[in-house]
Amino acid sequence: MAEEKQFDIVIVGGGPGGLTAGLYGSRANLKTVMIEKYMPGGQIANTEEVEDYPGFEHISGAELAMKMTDHAKKFGLEILSDEIIEIRSDGDYKKVAVGASGTEYVGKAMVVCTGGSPVLLNVPGEKELTGKGVSYCAICDGAFFRDKIITVVGGGDAAVEEAMFLTKFGSKVILIHRRDELRAQKVIQERAFKNKKLEFIWDSVVEEVNGDSKVESLSLKNVKTGEVSTLETAACFVFIGFHPNTHILPKEIALNESGYVTTDYKMETSVPGIFVCGDIREQLVRQITNAVGDGTTAAMAAVYRIEEMED
Ligand code: NAP
């Protein structure tokens with residue numbers, strides 16, 4: 001028989017959305033737990049600089065994550081470390097998060113903020129050379145490629161911002177995009193085009209990552225001309241989007257055509273009592289501010305639901 005731990009609100013995932021939900025749940029005097037596989041903070045813990053969170057012109061992601069964690073803990077949020085492998089709804093009033101440890105975390109309501117995982121290129125050599133030059137995290141791995149030629153794949157905000165960050169390390173950074181126009185916001189593009197260490201290869205895709213024990217080059221194909229070329233590089237950073245982490249959710253929860261969870265205005269999913277917030281949910285933009293707003297709504301909706309059920 002699995003060990004059961006009882007709470008009012010169980011929050012799965014410890015990014016800004018989860019931490020905010022934790023703050024509001026605990027502040028409403030409900031027994032609230034947040035379960036996180038790694039460190040609290042989620043993606044922001046690996047973000048070098050945040051400059052679009054109101055009230056902070058510049059703050060490191062790690063510091064913001066620490067401030068959010070301390071703040072939620074002051075109101076009584078309990079933070080536990082476990083990997084949740086399954087979420088079930090055992091009726092209206094019992095939501096269960098099953099931990100890899102064997103513990104079942106039972107709540108009257110649940111808030112899921114499990115974010116997303118990077119989209120892979122899915123080309124030969126990518127998997128084999130991950131951690132050996134192929135990376136999905138500039139702040140984690142950039143410093144390994146000091147004074148080397150670094151490549152970045154993608155044309156969205158993440159690719160362009162991370163490419164600029166990587167210019168601190170590389171002798172030069174080459175951004176490879178499959179079209180001749182970036183998707184990134186204009187303000188970010190303008191900064192990128194001014195950066196003298198950043199070069200662009202347009203209309204091109206990576207067909208193979210080459211190297212024996214580490215990345216040595218990329219095989220590129222120009223999608224307009226069909227021309228194939230080899231680009232020597234020590235690193236290939238991939239920022240081509242994210243997949244929402246929905247695999248642990250009950251199958252009854254409705255997703256949109258892109259695989260993101262759909263919710264009502266309360267952040268409630270199609271399974272009553274299970275709420276979601278942040279990058280797992282369909283969003284126009286995926287920002288810290290969105291996740292924080294979602295976390296507030298989800299936690300307060302959970303609080304109101306529990307109060308109504310106990311009246
Ligand atoms: P994104 O906006 O979806 O951009 C993905 C990029 O990768 C696109 O340029 C896309 O090309 C390219 N791409 C997709 N699949 C590819 C493939 N198989 N091969 C080559 N290229 C491929 O994703 P994101 O940059 O991760 O951003 C996600 C969200 O987070 C966005 O809403 C973004 O605004 C937000 N974000 C904001 C900030 C910020 O405001 N500071 C920072 C990071 C992220 P196409 O353009 O041709 O489709």
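Numbers for residues simply follow the sequence, beginning at 1.
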Quick one: does [X]'s side chain get under 4.5 Å of [Y]'s, heavy atoms only?
X    : Y    : value
L166 : F237 : yes
K95  : D90  : no
V292 : T289 : no
L182 : F193 : yes
K67  : F56  : yes
L19  : P16  : no
M164 : I188 : yes
V261 : E282 : no

[atom1] of [X]: more than 12 outside heavy atoms within 6.0 angstrom?
X    : atom1 : result
E4   : CD    : yes
E232 : CD    : no
R191 : CZ    : yes
M39  : CE    : no

Candidates T269, D294, N290, N256 - the one meeting side chain to side chain donor-acceptor pair (under 3.5 Å) with R281: D294

Quick test of your reading of the model: are [X] and [Y] salt-bridged, counting only N-O distances below 4.0 Å?
X    : Y    : answer
E268 : R305 : yes
R183 : D157 : no
D8   : K31  : no
E208 : K221 : no
K5   : E104 : no
E162 : K168 : no

Side-chain H-bond candidate by donor/acceptor type, D82 with Y105, under 3.5 Å: yes

Backbone of S81 reached by a side-chain donor or acceptor of E36 within 3.5 Å: no

Donor-acceptor contact present, side-chain T69 to main-chain A65, <3.5 Å: yes

Single-linkage hydrophobic cluster L77~V106, side-chain heavy atoms < 4.5 angstrom: no

same_hphob_cluster(I9, I35) at 4.5 Å side-chain heavy-atom cutoff: no

Matching residue for F275 among T297, V112, V111 - test: side chain to side chain contact (heavy atoms under 4.5 Å, CB included): V111

Aromatic ring pairing W202/H177, orientation class (parallel under 30°, perpendicular over 60°, tilted between): perpendicular

Candidate pair E310 and K108, rule salt bridge (charged side-chain N to carboxylate O under 4.0 Å, His left out), full reasoning: CA-CA 10 Å; E310 293 186 345; K108 297 168 184 168; 2.7 Å; yes

Counterpart residues, side-chain contact (heavy atoms from CB on, under 4.5 Å), relative to A159 (two or more places apart): V152, L175, F239

